[in-house]
S.K.: 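Just passing along the structure, written as structure tokens.
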Amino acid sequence: MSKIAMTEEIPEREARAFDTDDGRTIFITQRDGAYYAYNNLCPHLQTELEFLENQFLDQDGEYIQCSTHGALFNVETGECISGPCLGENLEKINIKVHSDGGIYIEDSPR
Ligand code: FES
């Protein structure tokens, strides 16, 4: 388990990108006090999701949005609910928030 971020770095309804020890880019977002992490790869064309730094959410902060073709993803599940990859999922990263405010990656799927 390795520490990737601190909770204070990720405001509610915002997202931040981080590099993992094994060379991937992930992003973490906060919704209603819970944190969700995903691999930064759109299931449509395997491209990175953001166009501007840390811009992973739509204008209202309601959904995760791919900047390439506008696919929308549920924040809690990573499921694509609109766009060319409808029904597919972002790859979820299992994280744990510790009492010191550290966010730790639980396992590395690759
Ligand atoms: S690459 Fe993400 S919607 Fe097409």
Side-chain angles (χ1 to χ4, degrees):
M1 216 158 37
S2 57
K3 190 196 257 183
I4 187 86
M6 296 295 289
T7 52
E8 65 216 32
E9 296 177 75
I10 308 157
E12 173 78 20
R13 286 187 180 246
E14 290 190 30
R16 296 287 182 268
F18 300 94
D19 294 321
T20 65
D21 291 342
D22 59 2
R24 291 176 298 153
T25 307
I26 70 166
F27 64 96
I28 304 174
T29 184
Q30 185 190 166
R31 171 65 52 86
D32 300 330
Y35 294 84
Y36 302 92
Y38 297 97
N39 234 352
N40 185 12
L41 276 184
C42 180
H44 181 214
L45 295 181
Q46 305 297 311
T47 56
E48 295 194 339
L49 292 156
E50 85 281 30
F51 173 62
L52 295 171
E53 196 180 351
N54 295 319
Q55 284 293 316
F56 292 94
L57 303 180
D58 67 356
Q59 220 175 352
D60 301 329
E62 189 62 33
Y63 296 103
I64 297 162
Q65 183 171 40
C66 177
S67 61
T68 305
H69 303 114
L72 297 176
F73 302 87
N74 181 294
V75 166
E76 288 89 354
T77 65
E79 183 182 355
C80 178
I81 51 103
S82 166
C85 47
L86 186 67
E88 294 185 60
N89 286 275
L90 295 171
E91 187 183 330
K92 196 163 197 164
I93 309 289
N94 291 322
I95 52 172
K96 268 265 186 304
V97 179
H98 285 197
S99 53
D100 64 355
I103 299 176
Y104 291 77
I105 294 185
E106 275 199 317
D107 53 39
S108 182
R110 266 183 276 193

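All ligand and atom numbering here is 1-based and tracks the order in the structure.
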S.K.: Hey, which N, O or S atom on His69 ends up closest to atom 4 (Fe) of ligand 1?
M.R.: ND1

S.K.: Is there a side-chain contact between Leu49 and Tyr38 (heavy atoms, below 4.5 Å)?
M.R.: no

S.K.: Checking contacts here: is it the side chain or the backbone of Cys85 that comes within 4.0 Å of ligand 1, counting heavy atoms only? Could be both or neither.
M.R.: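 Looking at Cys85 and ligand 1, no heavy atom falls under 4.0 Å.
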
S.K.: Which atoms of ligand 1 sit under 4.0 Å from any heavy atom of Cys42?
M.R.: 1 (S), 2 (Fe), 3 (S)

S.K.: Would you sort out whether Glu14 and Asn54 count as a side-chain hydrogen bond (donor to acceptor under 3.5 Å, both in side chains), showing the intermediate values?
M.R.: CA-CA 8 Å; Glu14 290 190 30; Asn54 295 319; over 6 Å; no

S.K.: With side chains defined as the heavy atoms from C-beta onward, is the minimum distance between Glu12 and Arg31 less than 4.5 Å?
M.R.: yes

S.K.: Only N/O/S atoms count here: what is the atom of His44 closest to atom 4 (Fe) of ligand 1 called?
M.R.: ND1

S.K.: Quick check on contacts: which atoms of ligand 1 are under 4.0 angstrom from a heavy atom of Thr47?
M.R.: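 By the 4.0 Å cutoff, the relevant atoms are 1 (S).
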
S.K.: Atoms of ligand 1 less than 4.0 Å from Pro84 heavy atoms?
M.R.: 3 (S)

S.K.: Going by the side chain to side chain contact (heavy atoms under 4.5 Å, CB included) test, name the single residue among Thr68, Leu57, Asn40 that passes it with Glu50.
M.R.: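 One option only clears the test, and that one is Asn40.
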
S.K.: I'd like to know if the side chain of Lys92 reaches the main chain of Glu76, judged simply by a donor and an acceptor atom lying under 3.5 Å from each other, with no hydrogens or angles considered.
M.R.: yes

